[in-house]
Amino acid sequence: MSGPRPRPLIGVTTSEMREPHRTLPDAAGDPPQREMALGMVYLRAIERAGGVPVVLPPVGHDAIEELLDRLDGLCLSGGPDLDPDAYGQPPHHLLGEIEPDLDAFELALAAAADARGLPVLGICRGAQAMNVARGGTLHQHVDDVIEAGIAHRQAEPGRVPTHAVAVEPGTRLAALIGGDALDVNSFHHQAIDRLGRDLVVAARSPDGLVEAVEDERAALYLGVQWHAEGLIHQPAQLALFGALIEAAADGRLVAQRVA
């Protein structure tokens, strides 16, 4: 008699690097060095949805396939601006700090996961990376393309939704949330512009910005511009992580049967 199925292992990227705040070693800790940074809320959201999260370091590109061999799904987290060189554009004068090497790893990871049909959920920058990995482009500064009205970089905490998005009927996202509208938070100044290969718009903000994209044919290839991990007290937001875990569990079952 078999026991309960192991929970899916979900890799979570960390695309933010932080410089040391001190220059001298702490007597009780490690010497100062650059560090990866990732909000714990991503990990808690995946746990609450039924998965086991593991934080992914930016390994060499030759190790990406081996890394993915051990994962059941992938969550691309938020972070700083993507290097516009990745989608063939010169930098905007308001471009924030970038990490080109980290970008290259994350885009290669997203493309490799996509190629093998691994379920992928992208959050904020992660959604943008999913689009760029499929050949799409970004608006480097949304204030250039929208009229004043919605604050896409809110001052309120992440648990507080500040604007609504209209969800496209018939999309996977609409089925997941069980409706055609959702209240979201907002912490970005870049956004998806030209869609990547085989992606469709799943949601827009009232000012017309793309707020979610998906590939309807994939097990799960869904990116949302808002920080859903900070809103999982809302069932519709937790459902996004639940979809990742469900698709990852289904994929593991198929792999076991094939093996």
Side-chain angles (χ1 to χ4, degrees), residues 12-18 37-46 48-49 75-84 91-99 103 106 121-132 136-168 171 173-174 176-177 179-193 201-214 222-241 244:
V12 187
T13 60
T14 170
S15 50
E16 186 172 349
M17 303 295 291
R18 292 185 181 171
L38 179 68
M40 291 295 293
V41 283
Y42 290 99
L43 312 182
R44 297 292 175 257
I46 289 168
R48 185 166 169 185
C75 178
L76 301 177
S77 68
D81 291 351
L82 279 163
D83 183 357
H92 190 281
H93 71 281
L94 292 176
L95 182 70
E97 292 186 12
I98 56 174
E99 293 278 354
D103 293 351
E106 186 168 304
L121 174 66
I123 302 293
C124 197
R125 169 198 156 101
Q128 297 168 9
M130 292 171 70
N131 187 60
V132 172
T137 64
L138 304 180
H139 295 299
Q140 291 189 51
H141 189 61
V142 298
D143 289 350
D144 292 345
V145 295
I146 60 171
E147 296 181 359
I150 293 175
H152 285 282
R153 287 199 277 190
Q154 69 184 57
E156 294 84 351
R159 287 178 56 86
V160 179
T162 56
H163 72 80
V165 297
V167 179
E168 292 292 333
T171 59
L173 179 60
L176 288 175
I177 70 166
D180 59 5
L182 195 60
D183 291 326
V184 303
N185 54 24
S186 197
F187 294 93
H188 65 104
H189 87 113
Q190 297 193 321
I192 290 170
D193 182 9
V201 174
R204 289 186 186 272
S205 54
D207 53 20
L209 281 184
V210 174
E211 289 277 349
V213 293
E214 64 181 44
L222 171 65
V224 299
Q225 185 60 70
W226 61 91
H227 280 267
E229 80 285 357
L231 298 169
I232 59 169
H233 53 284
Q234 300 178 10
Q237 304 286 357
L238 182 59
L240 305 182
F241 292 92
L244 174 62

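Under the 4.5 Å side-chain criterion, counting only non-hydrogen atoms from C-beta, Asp183 is not in contact with His163. At a threshold of 4.5 Å between non-hydrogen side-chain atoms, the residues Val213 and Met130 do not count as touching. Side-chain atoms of Leu43 and Leu38, non-hydrogen and from C-beta on, do get closer than 4.5 Å to each other.
Residues passing the side chain to side chain contact (heavy atoms under 4.5 Å, CB included) test with Pro84, sequence neighbours excluded: Tyr87, Gln89, Pro91, Leu95, Gln140. Partners of Glu168 by side chain to side chain donor-acceptor pair (under 3.5 Å), not counting sequence neighbours: none found. The side chain to side chain contact (heavy atoms under 4.5 Å, CB included) check on Ala236 picks up Ile177, Leu182, with sequence neighbours excluded. Residues forming a salt bridge (Lys or Arg N to Asp or Glu O under 4.0 Å) with Arg44 (at least two apart in sequence, or on another chain): Glu47. Every side chain to side chain donor-acceptor pair (under 3.5 Å) that Asp103 has, sequence neighbours left out, goes to Arg125. Residues satisfying the side chain to side chain contact (heavy atoms under 4.5 Å, CB included) test with Ala37, not counting sequence neighbours, are Glu16, Arg18. Residues satisfying the side chain to side chain donor-acceptor pair (under 3.5 Å) criterion with Ser205, sequence neighbours excluded, are Asp207. Applying the ring-ring contact (aromatic ring centres under 6.0 Å, His included) rule to His141 yields the partners His92, His189; only residues at least two apart in sequence or on another chain are considered. Considering only residues two or more places apart in sequence or on other chains, Thr162 meets the side chain to side chain donor-acceptor pair (under 3.5 Å) condition with Gln154.
Put simply, CG on Leu138 and CG on Asp81 are 9.0 Å apart, with the number rounded to the nearest 0.5 Å. Rounded to the nearest 0.5 Å, atoms CG (Leu209) and NE2 (His152) are 4.5 Å apart. Atom CG of residue Leu222 and atom CG of residue Leu176 lie 7.0 Å apart, to the nearest 0.5 angstrom.
Using a distance-only test at 3.5 Å, with no hydrogens or angles considered, a donor-acceptor pair links the side chain of Glu214 to the main chain of Leu173.
Considering all non-hydrogen atoms of both residues, Thr13 and Leu76 come closest at OG1-CA, 3.4 Å. Here the closest non-hydrogen pair linking His188 and Cys124 is CB-SG, 4.0 Å. Between Gly126 and Glu106, the shortest heavy-atom contact is CA-OE2, 4.4 Å. Taking all atoms of both residues into account, the shortest heavy-atom contact from Ser77 to Thr14 is OG-CA, 3.9 Å. The shortest heavy-atom contact between Ile46 and Cys75 is CD1-CB, 4.2 Å. In plain terms, the two heavy atoms of Thr137 and Asn131 that are nearest each other are O-ND2, 3.1 Å.
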Please set out all donor-acceptor pairs under 3.5 angstrom arising from side-chain atoms of residues 225-232, sequence neighbours excluded.
| from | atom 1 | to | atom 2 | distance (Å) |
| --- | --- | --- | --- | --- |
| Gln225 | OE1 | Gln128 | NE2 | 3.1 |
| Trp226 | NE1 | Gln237 | OE1 | 2.8 |
| His227 | ND1 | Tyr42 | OH | 3.4 |
| His227 | ND1 | Glu229 | OE2 | 2.7 |

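In the displayed structure, Asp193 atom CG is contacted under 6.0 Å by more than 12 heavy atoms of other residues, nucleotides or ligands.
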>> Checking Val210 against Arg204 for the side-chain contact (heavy atoms from CB on, under 4.5 Å) test, could you report, in this order, the C-alpha distance in whole Å, the side-chain angles of both residues, the deciding distance, and whether it holds?
In response: CA-CA 5 Å; Val210 174; Arg204 289 186 186 272; 3.6 Å; yes
